[in-house]
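The next block holds one structure in the form of structure tokens; read it before the comments.
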Amino acid sequence: MKLSRAISCLFSINSCSMTPTKRPLKNLIIRQYVKELHTYHIRDESYSGPVQQRLLSLLLKQPTRCQCLQIHSQFITTGLHQCKIDNTGMMIWNMLLREYSLDNFPEEALELYKQMKETLASSYSSSLADSFTYSFLLKACASSHQPIKGNQVHAHIFKVGFGFHLYVQTALVNMYSICGCLGEAKRVFYEMPERNSVSWNSMITGLTNWGELNMAQALFDDMPNRTVVSWTVMIDGYTRMNRPLESLIYFCKMLVEDGIKPNEITILAIFPAISNLGLLEFCQSIHAYSEKNGFMASEIRITNSLIDAYAKCGCIESAFRVFEEVSTERRSLVSWTSIISVFAMHGMAEEAVKWFEEMEKIGLRPNRITFLGVLNACSHGGLVNEGLKFFYKMVSEYGVVPDIKHYGCLIDMLGRAGRLDEAEKMVLKVPKDVINVVVWRILLGACSFHGNVDMGERVMRKILEMERGYGGDYVLLSNIFSSVGRYEDAERVRRLMDERNAFKIPGLSLI
DNA sequence: TTAGGGTTAG
């Protein structure tokens, strides 16, 4: 593709509305465009200092993706990149690198570095890169998950003398951690002649993200100056490992031991732990704290999480009040999805449907999670026909491809309502690449509940083709036989269960 | 005229 053609494609795409389906196409054109720029050579070596200044100041103002491409284009096609490179020129290269590595174009960032090196080598520049260059380059390796490339950059960094630079080493720890190379990350970390809190936090984050909580905790205990980021990383780490109590203990220790105040991100991290333990009072305190510190006004995600947490702590009134207090303009798709799911969770199907329709009225497009919420509501509230309508609407009107959870929901809904034939037809319609044993199991449950022996046997055969070791399936089939008085068959299934060493732990309830 | 750009939590 010629440069002029790439530019016209780029701008024509940019001027129309950017739907998710068009985004990959735009990215492809951007990639092609940058590739063209990399092969563009001109020989105009007139000094244009003021133009460089102008380009740099534009880059420093956080340009959009398109503006950045325009700046890059001007830098190359006017030959400015080949002019005498002073600090301004170096900064233009670095800022372009930064934009590409942060904006999910890591390959372009790496290509740009190659071009930068070649160009600077043939100009009057005294150095080919600085510590900023390598920080951005490592960011690109990290975001594209390319540890091998990162490792090559690491070797190069040593060669050019930045091997023990604080920022570069921290970026190395971060790159290796993100790519899952924890051994390498630790090696760099322990070799660092000096570390700041960011270096420590990067290492601890790497460990928690890969499940090494004990090691992370040991490092956290050794850390000289813990910041709110360090605490948030630990809180989030414990929550993700399904250890909510420890997560809350860290939250309290942060306040009491270090006197550090939680920020928006800490608050977002603590919500799953509160919901998991159903601590309504804790939820209320966090609500009050967020209100007092202006987090509710500044961060819609806190409001959304609060809606979900209140509902999971059993207080639907508070969840709804929080939703109602947000103006329609501020409500995001997640806010709407949260309130719909909250009603679904509490079996309030009509309310869920009502708010789904309200959302549509203001022109918001529901996504797959929103539909999962409303389908769940219909399933639990027995609104079968409405549920089917929503499912078809999702596919035909909104173009959402149903995943296994949508099918599961629908099959559960038909099964609960006793519409077993339709449920079976639906299971048979699930595409081969997404089907799993769970949807068959849902149907078996419905057969058991409604005492349909023939279908139960048929479904069980399907299940056994896929998985033989789940005791619950044998128990259900055996119960189906018992319910119609076929005790010998029930006994046979129980024996089969023993022969195949399929266990079922008896359920228990604390209520 | 000069400074300006970097690494961490979701």
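Note that the structure is predicted; figures quoted are calculated from it, not measured.
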Would you say the ring centers of A:F356 and A:F371 fall short of 6.0 Å from each other? yes
Provide, to the nearest angstrom, the distance between the CG atom belonging to A:L166 and the C1' atom belonging to B:dT7. 8 Å
Between B:dG4 (P) and A:E99 (CD): distance, integer Å: 19 Å
Starting at atom CG of A:D130, determine the distance to atom P of B:dT7, rounded to an integer number of angstrom. 14 Å
In whole angstroms, the gap separating P of B:dG6 from CE of A:M90 amounts to 16 Å
A:I178 CD1 to B:dT8 C1', straight-line distance once rounded to whole Å: 9 Å
Proximity to DNA chain B (any heavy atom under 4.0 Å), residues of residues 249-274 of chain A only: A:N263, A:I265
Rounded to the nearest angstrom, tell me the gap between atom CG in A:L59 and atom P in B:dG6. 12 Å
Please check the phosphate of B:dT7 (OP1 and OP2 only) for any side-chain N or O of A:N174 closer than 4.0 Å. no
Using 30° and 60° as the class limits, which term best fits the ring planes of A:F162 and A:H165: parallel, tilted or perpendicular? perpendicular
Which residues within residues 225-234 of chain A lie with some heavy atom under 4.0 Å of an atom in DNA chain B? A:V229, A:T232, A:V233
Please list each protein N or O that sits under 3.5 Å from an N or O in nucleotides 1-3 of chain B, with the distance.
| from | atom 1 | to | atom 2 | distance (Å) |
| --- | --- | --- | --- | --- |
| B:dA3 | N6 | A:Q53 | OE1 | 3.0 |

Phosphate OP1/OP2 of B:dT8 contacted by A:K139 side-chain N/O (<4.0 Å): yes
Centroid separation under 6.0 Å, is that true for the rings of A:W200 and A:F189? yes
Approximate separation, where rounding is to 0.5 Å, of A:E264 CD and A:I302 CD1: 5.5 Å
Atom CZ of A:F162 to atom P of B:dT7: distance rounded to whole Å? 16 Å
Can you classify the ring geometry of A:H287 versus A:Y310 as parallel (below 30°), tilted (30 to 60°) or perpendicular (above 60°)? perpendicular
Categorize A:S199 for me: base, sugar-phosphate, or nothing, with a 4.0 angstrom heavy-atom threshold over every strand shown. nothing
Need one value for A:R195: base, sugar-phosphate or nothing, where a base atom within 4.0 Å counts as base even if backbone is also close, heavy atoms only. nothing
